[in-house]
A.B. asks: 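Supplied in structure tokens, the structure appears directly below.
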Amino acid sequence: MAQAAAVAKPPAPPRRRRASATPRRLPYLLIAPAALLMLGFIAYPVLSVFYYSLQDYNPTKPWRNGFAGFDNFTRIFTEDPLFLDTLVFSAKWVFVEVGLQLMFGLALALIVNQTFVGRALGRALVFSPWAVSGVLTSAIWVLLYNSQTGITRYLADMGIGEYGVSWLSDTSTVFPAAIVADLWRGVPFFAILILADLQSVSKDLYEAAEVDGASRFKQFWHITLPHLKDAIILSTLLRAVWEFNNVDLLYTLTGGGPAGATTTLPLYIANTSVDAHDFGYASALTTVAFVILLFCSMVYLRLSKFGGEK
């Protein structure tokens, strides 16, 4: 009986050592300093704008500063006629600019994607305007549009137009002139992104399409465009946001004139804050612009089915 009771129990299995969590946390620890810095540089300005949008804040009139609640927002939608005008012009500016930049950028990308003598030099020349800053681009085009030494002077010498005409001072020509100036710098952005995506298209697809008798247009429509779908959606969204927030080129080129004909909403915000020193109202305008951009971006991504099947 004692021997039966003393039957040896099987040895307990060795305990598994818990895997250290340090290796899994190491990547997050390494990026934490940069992430905290980025969060500080981004979150603080954004939160400051939201805070000042609820304030009356004008450094030149400190006796009027204080909490305003939603008065600034009420003023935007009920008392400010320039808000709607600048918002409509901003939408027009973005639609025309992004549409033309996409069209010309796609054409340039298809051209420089071909094999020809001097292709490397051609690509460098096509992409070089993107390396020029907005202010320098504006300075270049201000000189080109100068009524005494610019394009109009040489056109007048050839009998086209009249001497002393300034395209940037005429409400009927200032918008096309500004469009052309920004196209020169914006088209390479689309060309670069689209060309990078074109490099990944398999040539076997085009060879198979040629064997099946597909024309160049059908190859472009059924092979190239579906492959470029996500690149086009992302590039148009990024460029639309940048064009909406475009201040440097229009500020230097036209200053929003003549007669406010080229004043976008961000330029109006800049004038309200820098010139009028009304930072509270400018912050409210910025908040409204942020909400509009966020809403439009979400709707665009949803309707375009970004990241879905090609």
Side-chain angles (χ1 to χ4, degrees), residues 38 42 90-116 118-138 140-141 178-206 209 216-250 264 266 289-290 292-310:
M38 291 182 62
I42 295 176
S90 297
K92 176 183 176 182
W93 172 264
V94 170
F95 181 79
V96 175
E97 271 293 345
V98 175
L100 292 177
Q101 289 179 18
L102 173 61
M103 182 176 63
F104 289 117
L106 177 60
L108 275 177
L110 292 172
I111 291 173
V112 297
N113 190 46
Q114 304 298 318
T115 302
F116 56 88
R119 184 174 67 170
L121 178 60
R123 288 181 176 181
L125 292 176
V126 167
F127 301 151
S128 58
W130 181 244
V132 181
S133 67
V135 175
L136 184 56
T137 299
S138 303
I140 293 172
W141 284 92
I179 288 291
V180 172
D182 200 42
L183 278 177
W184 180 77
R185 183 169 179 259
V187 167
F189 169 78
F190 282 96
I192 292 170
L193 291 184
I194 293 175
L195 178 62
D197 209 27
L198 280 174
Q199 304 296 310
S200 62
V201 182
S202 176
K203 294 183 179 180
D204 295 339
L205 297 176
Y206 295 104
R216 287 292 183 90
F217 176 78
K218 288 185 177 180
Q219 294 178 31
F220 171 77
W221 188 260
H222 295 287
I223 299 176
T224 306
L225 273 185
H227 187 85
L228 297 176
K229 174 191 171 184
D230 286 347
I232 291 175
I233 293 174
L234 182 60
S235 59
T236 50
L237 177 61
L238 291 176
R239 195 59 187 162
V241 173
W242 291 341
E243 287 297 343
F244 182 88
N245 293 319
N246 190 342
V247 173
D248 52 358
L249 186 138
L250 287 175
T264 59
F290 171 78
I292 292 173
L293 278 179
L294 181 62
F295 175 77
C296 292
S297 299
M298 294 173 61
V299 171
Y300 177 73
L301 290 176
R302 184 65 179 270
L303 294 178
S304 63
K305 299 180 180 179
F306 177 72
E309 295 182 1
K310 298 180 179 179

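What you see is a predicted model, and the numbers here were worked out from it, not measured in a lab. Residue numbers start at 1 and run along the sequence shown.
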A.B. asks: Check this for me: Phe116, atom CZ, are more than 12 non-hydrogen atoms of other residues, nucleotides or ligands nearer than 6.0 Å?
C.D. replies: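 Yes, enclosed.
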
A.B. asks: Please list all pairs passing the salt bridge (charged side-chain N to carboxylate O under 4.0 Å, His left out) test where one or both residues lie in residues 233-245, with sequence neighbours left out.
C.D. replies: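 Every salt bridge (charged side-chain N to carboxylate O under 4.0 Å, His left out) pair that includes a residue of residues 233-245, provided the two are not neighbours, is Arg239-Glu243.
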
A.B. asks: Please find the pair of heavy atoms, one from Arg185 and one from Pro129, that lie closest to each other, and give the distance.
C.D. replies: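 It is CG-O, 3.7 Å.
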
A.B. asks: Could you tell me which non-hydrogen atom of Ser235 sits nearest to which non-hydrogen atom of Ala231, and how far apart they are?
C.D. replies: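 Where Ser235 meets Ala231 most closely, the heavy atoms are OG-O, 2.8 Å.
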
A.B. asks: Closest heavy-atom contact between Lys229 and Ser304?
C.D. replies: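 Lys229 and Ser304 have their closest heavy atoms at CE-O, 3.5 Å.
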
A.B. asks: Under the side chain to side chain contact (heavy atoms under 4.5 Å, CB included) rule, collect the residues that match up with Pro266, sequence neighbours excluded.
C.D. replies: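 Pro266 satisfies side chain to side chain contact (heavy atoms under 4.5 Å, CB included) with Ser90, Phe244, Asn245, Val247, Thr264 only.
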
A.B. asks: Are side-chain heavy atoms of Glu97 and Asn246 found at a separation under 4.5 Å?
C.D. replies: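 No. Closest side-chain heavy atoms not under 4.5 Å.
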
A.B. asks: Yes or no on side-chain contact (heavy atoms from CB on, under 4.5 Å) for Trp141 and Val180, after CA distance, side-chain angles and deciding distance?
C.D. replies: CA-CA 9 Å; Trp141 284 92; Val180 172; 3.8 Å; yes

A.B. asks: Among Leu108, Val98, Leu106, Ile232, exactly one meets side-chain contact (heavy atoms from CB on, under 4.5 Å) together with Phe190. Which residue is that?
C.D. replies: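 The option that passes is Val98.
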
A.B. asks: Using a cut-off of 6.0 Å, state whether more than 12 heavy atoms not belonging to Phe95 lie near its atom CZ.
C.D. replies: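 No - once you tally the heavy atoms of other residues, nucleotides and ligands closer than 6.0 Å, there are 12 at most.
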
A.B. asks: Working to the nearest 0.5 Å, report the span between CG of Leu183 and CD1 of Ile179.
C.D. replies: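 The CG atom of Leu183 sits 6.5 Å away from the CD1 atom of Ile179.
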
A.B. asks: With rounding to the nearest 0.5 angstrom, report the CG to CG distance, Leu228 to Leu198.
C.D. replies: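 One finds 5.0 Å between CG of Leu228 and CG of Leu198.
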
A.B. asks: Quick check for you: to the nearest 0.5 Å, what is the distance between Phe220 atom CZ and Leu110 atom CG?
C.D. replies: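 Those atoms lie 5.5 Å apart.
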
A.B. asks: Using side-chain contact (heavy atoms from CB on, under 4.5 Å), reason through Asn113 and Gln199 one step at a time and then give a plain yes or no.
C.D. replies: CA-CA 8 Å; Asn113 190 46; Gln199 304 296 310; 2.8 Å; yes

A.B. asks: With a cut-off of 6.0 Å (strictly less than), are more than 12 heavy atoms of other residues, nucleotides or ligands near CZ of Arg216?
C.D. replies: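 Incorrect, the count does not exceed 12.
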
A.B. asks: Kindly assign one of parallel, tilted or perpendicular to the pair Trp221 and Phe217, based on the angle between their ring planes and the thresholds 30° and 60°.
C.D. replies: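 The rings of Trp221 and Phe217 lie parallel, inter-plane angle below 30°.
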
A.B. asks: Let's go through Thr224 and Val201 carefully: what are the C-alpha distance in whole Å and the side-chain angles of both, what is the deciding distance for side-chain contact (heavy atoms from CB on, under 4.5 Å) to 0.1 Å, and is it a yes or a no?
C.D. replies: CA-CA 8 Å; Thr224 306; Val201 182; 5.8 Å; no

A.B. asks: Residues in ring-ring contact (aromatic ring centres under 6.0 Å, His included) with Phe189, at least two apart?
C.D. replies: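 Here the qualifying residues are Trp130, Trp242.
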
A.B. asks: Test side-chain contact (heavy atoms from CB on, under 4.5 Å) on Ile194 and Leu102 and set out the steps.
C.D. replies: CA-CA 9 Å; Ile194 293 175; Leu102 173 61; 4.2 Å; yes

A.B. asks: Just checking Met103: does its CE atom have more than 12 heavy atoms from other residues, nucleotides or ligands closer to it than 6.0 angstrom?
C.D. replies: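 Yes, because the 6.0 Å sphere around CE of Met103 holds more than 12 heavy atoms from other groups.
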
A.B. asks: List the atom of Leu237, the atom of Ser297, and the distance in Å for their closest heavy-atom pair.
C.D. replies: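 Scanning both residues, the minimum pair turns out to be CD1-OG, 3.6 Å.
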
A.B. asks: Grab the two heavy atoms, one from Thr137 and one from Ala181, that are nearest each other, plus how far apart they are.
C.D. replies: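 Looking at all heavy atoms of both residues, the shortest contact is CG2-O, 4.0 Å.
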
A.B. asks: Look up atom CG in Leu249 and atom OG in Ser133, then write down how far apart they are to the nearest 0.5 Å.
C.D. replies: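 Reported value, rounded in 0.5 Å steps: 10.0 Å.
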
A.B. asks: Which heavy-atom pair separates Asp197 from His227 by the least distance, and what is that distance?
C.D. replies: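 Scanning both residues completely, I find the closest heavy atoms to be OD2-O, 3.2 Å.
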
